[in-house]
There are 2 protein chains.
Amino acid sequence: MPLPTIDDIHEAAARIKPWLHRTPVLTSSSLNELVAAHLWFKCENFQKTGAFKARGATNAVFQLDEAEAKRGVATHSSGNHGAALSLAARWRGTPVHVVMPENSSAVKLRAVSAYGGKIVTCAPTVASREETLARVLQETGAVYIPPYNHPQIIAGQGTAALELLEEVPELNIVMAPVGGGGLLSGTALTVSALRPEIKTWGAEPLMASDAFQSLQSGQIMPVQSTTTIADGLRTSLGDLTFAVIQKHVAKILTVNEEDIVRAMRLFWERMKLVVEPSGAVPLAAVMAHKEELAGKRVGLILSGGNVDLDRLPWNA
Amino acid sequence: MPLPTIDDIHEAAARIKPWLHRTPVLTSSSLNELVAAHLWFKCENFQKTGAFKARGATNAVFQLDEAEAKRGVATHSSGNHGAALSLAARWRGTPVHVVMPENSSAVKLRAVSAYGGKIVTCAPTVASREETLARVLQETGAVYIPPYNHPQIIAGQGTAALELLEEVPELNIVMAPVGGGGLLSGTALTVSALRPEIKTWGAEPLMASDAFQSLQSGQIMPVQSTTTIADGLRTSLGDLTFAVIQKHVAKILTVNEEDIVRAMRLFWERMKLVVEPSGAVPLAAVMAHKEELAGKRVGLILSGGNVDLDRLPWNA
């Protein structure tokens, strides 16, 4: 499949506009002081479904033709993509099937159900997930909308950076977390096309530093089984997201678990924002690389805010 | 002392503007659905110091004359007012003394210290607090800036409603929580002067329903010792705040503790906003009085977001 272009991202922005929030960009003088840099936070925790994932899913679902829309869509997801696809499909009036591991958290199962997604459980292995998805696709004729390695998904995720650049033109760096790479590749496409002098950096947990290793080695290094608290970032890159990241991402910073929890708590305490661990990874990276970033103007994509309030890391 | 007028509130808005945030007004389609009404939330949890208290304190501190500013300011506070006064005094370059009960939470003591307030501890009784404050005032010659029963404080707190009305003109009701009544009386003054057809309602915990009782009986009924989770609302009305509330507040709704915690959690889960229990009381009131408010357009002042993250009510 061809990589998306900046035109695809502009078209995605127009397509999703009637359905999604233009999320605010917030700042915090207390956090700026703490890191001795200037930070702008693109608050995708305020996005529909509580995460940027609604952008890509909505962009994909509204590009189905009528026959496809009648058959429906399907995906596998243990988190935010399943909820996002379910909501977008509800808006379009399209059936939606979400393959989820049977050990998914109750909170996540409930979110998908609440948006009208039909849940099909599988064993918590890649093999079972792929078999189950294949069966669902065969039985229903649904269109597969993958969580990140897809041009329409990447283009949709790139619209968050589009809004950020419109609102804060004078940046040195834009930073996004990287799991499968949908958000980071979309961000890099937008930034490199519109403002090539601004660098795009990724941030990921040390416990799932596959993107960092992939960039180093020049080939996709799959993530090893990991229990990083940043549960949205436990996935490996795909060929499309890797191709974009290789071309347009200058650097990937890694952070330890303690720093992720500390950054997450700073969002809650200083900015009164509920941010999930994955969304706190870029701030953790800024804090862990203060010297390098001193005085810089950095835009951070705060990717989501879906947290189980009964299981907060500082109450563990 | 004379009650503040709408002119005082307009002047307060101009005076505090260089120092404070114009906080955003947020909405949530999911909460609107839940209560079958249209809600607008004025997010004072995003205000400097994490609460609306910064408005009144800043308004008062910047009205000191040069001689007063040299001598300093003093107050008693177990919470947000002490932090707000400390920050405003720091901006003005004025010494600040805060009398706090010796059993104040570590979080609150730290906040006052961090903003440069000099803490003077007292026993956790009204008598000790008053004695200690009197001694501080005598020794330092500082100007006493009370937490709510003061025209400059009331005028400052009224600026939040000013911004809300500018942003959302078509409201039926504006609702604010009521403890000492600074926020509610300031809100009522603004709303009644600018948009007399809009009603101002108060909301308070059933466990500290002194404002409700005071309105009923026509005289100030002091709050009984209470352990309501809404710790910002444990205080009694003052003569100034009561006079305004009697004249301009149409109704006070009361809510139980369970509903406060439920409303607080809804802010966190659905809106990704860190809101303190006191700030959740108006939403709790809307939920507990759904029939009465069905279809109405209601502005709610979300008063603050200062919460001890190590002691959340749903992890108790």
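Lettering follows sequence order; numbering is per chain, from 1.
- Annotation: salt bridge (charged side-chain N to carboxylate O under 4.0 Å, His left out) contacts of B:D259 (sequence neighbours excluded): none.
- Listed by first then second residue, pairs satisfying salt bridge (charged side-chain N to carboxylate O under 4.0 Å, His left out) with a partner in residues 305-315 of chain B read A:R265-B:D310, not counting sequence neighbours.
- Close approach to chain B, defined as a heavy atom under 4.5 Å from one of its heavy atoms, is seen in no residue of residues 276-287 of chain A.
- The aromatic rings of A:F46 and B:F46 are tilted relative to each other, their planes meeting at an angle between 30° and 60°.
- Close approach to chain A, defined as a heavy atom under 4.5 Å from one of its heavy atoms, is seen in B:L26, B:S29 of residues 13-44 of chain B, taken by number.
- Enclosure of atom CZ in B:R262 is not indicated, since only 12 or fewer non-hydrogen atoms of other residues, nucleotides or ligands lie within 6.0 angstrom.
- Within a 6.0 Å sphere centred on CD of B:E258, heavy atoms belonging to other residues, nucleotides or ligands number 12 at most.
- Taking chain A as the reference chain and counting heavy-atom pairs below 4.5 Å, the highest number among B:L309, B:V107, B:L273 is found for B:L309.
- The backbone N or O of B:N45 lies less than 3.5 Å from no partner atom in the side chain of A:K272, so there is not a single donor-acceptor pair.
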